[in-house]
Structures are given as C-alpha cells and as structure tokens.
Amino acid sequence: MTARPDRPLRIAIIGAGPAGVYTADILTKEERDFRVSIDLFDRYPAPFGLIRYGVAPDHPRIKGIVTALHKVMDRGDIRFLGNVDYGTDLSLADLRRHYDAIVFSTGAVRDAALDVPGVELAGSFGGADFASWYDGHPDVPRHWPLEATQVAVIGNGNVALDVARILSKHAEDLLPTEIPDNVYRDLAASPVTDVHVFGRRGPAQVKFTPLELRELAHSRDVDIVLYEEDFDFDEASEKAIEENN
C-alpha cells in the first residue's frame, strides 16, 4: 500500500462483523505519518455480524461486546455502508478502482455439512441456521418446525450448548432478552421434552466453556444427565486435561 500526500490511503473492508470492525479500529488507531480513510461494507442493514445473529439472546454478557463495537463505530472516523451485497452490488473491479487496499472479513456464513448417513433427511438442520432463526436473521424464515419431543444436538461447542439451552428453557424466561416475537411464539408451542447432546470426543476435549454449562444447569426445570462411563479417561484425555491446567 502506498500513501499519497494529497489524499488519505483508502481502505475497503467487506464484512462488518467483529473481525471487520476490529480491523477498522486497528487501522485507524495505528500511528503513521499519513491519513487513512475506511469504508466498512455489509450486506445487511446493521453491523456486528455473528454477535448480532449468532449468539443466543439470553447471553447479555457476550452481547455486551456490541457495546465495545458501538464505541468504535461511533467515533466518526469509519464509514459504514449497509445493504451492499459484494458480488451483486459491488465487484472486485469496482473496489480496485476506488480503494488502495481491500480486506475481506466475511466470516463463516454457512454450516459445514456432516458426512454422515441420513443428514439430508427431514428433521435434520444445521446449528448455524437454527441460531440464525432464534436471533431473527433476515435471511431465515420466521417459522421453525419444532415438532419433535426429543432432539439430538451433534457437537459439544458453545453453539451446541446454546441450542440445547434455547430448546430446553421455558419460553417466558427468554422474554427479558432480545428474543424476536415469532421465535418466542414457536418456542412457547414447542413439544420438546428431552435434548441429547452428542460429542465425538470425551469430556476432556469439549469445546464449550464452563459458563455455557452453568447457564444450562441454571435453566428452570432442567436436569442435566451425565453418564459415568464417559469419565473413564484414556491416555489422550489425561494429556488434554494436563495441557488445560
């Protein structure tokens, strides 16, 4: 990148999620002997990406990150342009004509397909799609077919526990949060009574945080059932425990 003395270095950032906003923050705050002008593009009308559309609505502490992102955007030295779809409204050639540098921070917007038999059958859904639904993502249908009494959640990361907690909570306990009205109605009518969380590896390798598990345990009328045989750690699990200490 080469700065010109007669104008600032122009940078376009595609994607206004946390990565895009923090990139803009670093680029504008770093000390240098030339000016920087940053335009932050997003295909949605509002910024913050995953923090807005991928975090369970009952996570006020995690959603508090939005406050920090707002402070960056409110400084006035970063321009946000929403409702701009890269590849449709804007091409790489367009960007190269007007900007000295381009940063892509579009994130992971789709579920990774599981290579298991039956994954394509009715009643099988991706975690990202379900999280997008209960967060009111504009690209996801307003209604979700919650028809089963027992649900299997495949995975043991934070999203898996978020999904399990949303499915097992009383819908009215979510009313103090930012839960969309349509999501509340569907959850209130949900017949789900049992949620089974399956992990490929054992407890020593789980990817969710202790906070996630505690929040699930604090849900009203929720009993967590663990199986003793899962805690018979093998050599690899013992090593993982030692490395985490």
Side-chain angles (χ1 to χ4, degrees), residues 17-18 48-70 108 111 123 125-137 140 142-233 237 240-241 243-245:
F48 309 146
L50 180 65
I51 296 298
R52 184 182 296 274
Y53 295 121
V55 177
D58 61 343
H59 260 174
R61 279 175 288 185
I62 294 179
K63 289 233 175 184
I65 297 172
V66 171
T67 302
L69 298 178
H70 267 298
D111 280 303
F125 305 100
D129 284 344
F130 188 66
S132 295
W133 169 72
Y134 61 60
D135 275 323
H137 196 294
V140 175
R142 301 299 87 192
H143 172 69
W144 194 276
L146 293 173
E147 301 167 348
T149 57
Q150 300 199 43
V151 176
V153 179
I154 311 301
N156 53 16
N158 285 338
V159 172
L161 259 65
D162 275 355
V163 169
R165 192 178 63 258
I166 292 295
L167 287 171
S168 57
K169 260 192 171 183
H170 288 264
E172 58 266 27
D173 291 343
L174 293 168
L175 286 175
T177 72
E178 298 175 357
I179 185 173
D181 290 342
N182 61 292
V183 176
Y184 167 74
R185 290 192 297 269
D186 279 1
L187 290 175
S190 167
V192 173
T193 57
D194 296 86
V195 179
H196 306 268
V197 179
F198 295 89
R200 181 164 54 92
R201 291 170 290 184
Q205 293 86 17
V206 296
K207 296 302 181 182
F208 57 77
T209 61
L211 175 62
E212 299 288 336
L213 190 59
R214 282 198 299 270
E215 288 184 0
L216 181 59
H218 293 161
S219 298
R220 185 159 53 102
D221 296 331
V222 171
D223 295 319
I224 297 179
V225 180
L226 304 174
Y227 297 98
E228 291 185 9
E229 59 268 26
D230 288 338
F231 292 87
D232 184 14
F233 296 132
S237 295
I241 293 172
E243 291 175 349
N244 285 331
N245 289 335

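Small disclaimer: the values here were computed from a predicted structure and weren't measured. This chain uses plain numbering: 1 for the first residue, then up along the sequence.
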Next item on the list: Could you check L174 against V183 for side chain to side chain contact (heavy atoms under 4.5 Å, CB included), going step by step and ending with a plain yes or no?
Entry: CA-CA 10 Å; L174 293 168; V183 176; over 6 Å; no
Notebook entry, point to check: Just how far is it from atom CG of L175 to atom CG of D58, taken to the nearest 0.5 Å?
Noted result: 12.0 Å
Check: Is the closest basic N to carboxylate O distance between K169 and E215 below 4.0 Å?
Finding: no
Item checked: Trace of the side chain to side chain contact (heavy atoms under 4.5 Å, CB included) decision for D162 with E212 -> CA-CA 7 Å; D162 275 355; E212 299 288 336; 3.0 Å; yes
Checklist line | Minimum-distance pair of heavy atoms, taken over all atoms of G155 and A160 | finding: O-CB, 3.2 Å
Check: Given the rule in the side chain to side chain contact (heavy atoms under 4.5 Å, CB included) test, do E172 and R220 qualify, once you have shown the distances and angles that lead to the verdict?
Finding: CA-CA 11 Å; E172 58 266 27; R220 185 159 53 102; 3.4 Å; yes
Note to self: Just verifying a value: how many Å separate D135 CG and R52 CZ, rounded to the nearest 0.5 Å?
What the structure shows: 10.5 Å
Check: Okay, side chain of T193, backbone of T149: is any donor-acceptor separation there less than 3.5 Å?
Finding: yes
Next item on the list: First locate atom OG1 of T177, then atom OH of Y134, and finally report the distance between them rounded to the nearest 0.5 Å.
Entry: 11.5 Å
Check: Looking only at heavy atoms, which two atoms of A148 and P191 are closest? And how far apart?
Finding: O-CG, 3.5 Å
Check: Tell me, do I179 and L187 make a side-chain contact under 4.5 Å, heavy atoms counted?
Finding: yes
Note to self: Return the CG to CG distance between D194 and L167, rounded to the nearest 0.5 Å.
What the structure shows: 11.5 Å
Note to self: So does T209 get a backbone contact from the side chain of N158, meaning a donor-acceptor N/O pair under 3.5 Å?
What the structure shows: yes
Note to self: Ring-plane angle category for F48 and H70, please: parallel below 30°, perpendicular beyond 60°, tilted otherwise.
What the structure shows: perpendicular
Margin query: Which heavy atom of P57 sits nearest to which heavy atom of I166, and what is that distance?
Written below: CD-CD1, 4.0 Å
Next item on the list: For the pair W144 and F130, name the ring-plane relationship: parallel under 30°, tilted 30 to 60°, perpendicular over 60°.
Entry: perpendicular
Item checked: side-chain contact (heavy atoms from CB on, under 4.5 Å), paired with S168, selected from V151, V192, L216 -> L216
Notebook entry, point to check: Above 12 or not: heavy atoms from other molecules or residues under 6.0 Å from CZ of R200?
Noted result: no
Notebook entry, point to check: Does the pair W133 and D186 meet the rule for a side chain to side chain contact (heavy atoms under 4.5 Å, CB included), with working shown?
Noted result: CA-CA 11 Å; W133 169 72; D186 279 1; 3.4 Å; yes
